[in-house]
Amino acid sequence: MQTSTPKEITKHIRQLIAKVAPGREAMYLPVRPNDGAKVSECFPNVEAKIFQAGGRMLCGWQIWEWPHILVEAEFHAVWVSPEGDLAEITPKQHGEETILFVPDPSLTYTGFAKDNVRLAVRDDLLVQHFIRVSEEIVKVMNRGERAGQYGYVSVPAHEIEPLMRAKAFLGQSISIGLRDHSPCLCGSGAKYKKCHGRGFPL
Ligand SMILES: [Zn+2]
């Protein structure tokens, strides 16, 4: 994904926060990975830290941005030291040095992931379809007994591959700057909204 930590708290980010955690405030936290902490595994990371050093878990939302395309809230946990300081101890895949975090003490981690909440910044079909296919992938990953599995999840190829292909197609279209009225990425010569965009979802 092309998302990173937002440089500033924009109007769209405020709208996203109002949706996921009404009345809560966002804060920037420096990323200080704990020894042995793994990317994307905030809950086990914080549990391990509590075991080593005490303190507690604070859940909330980490805010991501794909500039001019979308903003995204990811269910996330940070560590609160015994002195009461918040610390981001989970390393980031693309090396972000800070995160934008919205603490929500009313949330707790019960072993189940929550899907990211996404909001389009640009109102067009490509972005809407990208968000919809991203949501569909998470639903398929968490269907039935797969819910609650953490880390690597095995999903039958016929269920997931068409969605992954669609996500890649849309992600590439958006990345190279195509709009709904641009020629479709498939090369047919027709506009996206009259070509692959018409058959959506898939
Ligand atoms: Zn097409």
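As the structure lists them, so they are numbered: ligands from 1, and atoms in each ligand from 1. Worth knowing before you read on, the calculation uses all heavy atoms, side chains too, and leaves out hydrogens, waters and symmetry mates.
- Follow the hydrophobic side-chain contacts under 4.5 Å out from V80 and you never reach I50; the two are in separate clusters.
- By the criterion of a separation under 2.8 Å, the protein N/O/S atoms near the Zn ion (ligand 1) amount to C184 SG, C186 SG, C195 SG, H196 ND1.
- Of all heavy-atom pairs spanning E88 and A77, the tightest one is OE1-O, 4.2 Å.
- Inter-residue side-chain proximity for C59 and M57 is flagged as met; some heavy-atom pair is nearer than 4.5 Å.
- In this structure, the ring-ring contact (aromatic ring centres under 6.0 Å, His included) partners of F169, at least two apart in sequence or on a different chain, are H196.
- With H76 as the fixed residue, the ring-ring contact (aromatic ring centres under 6.0 Å, His included) test singles out one of W64, F101, W61, F43: F101.
- With respect to R132 and E135, no salt bridge is recorded, no charged nitrogen being found less than 4.0 Å from a carboxylate O.
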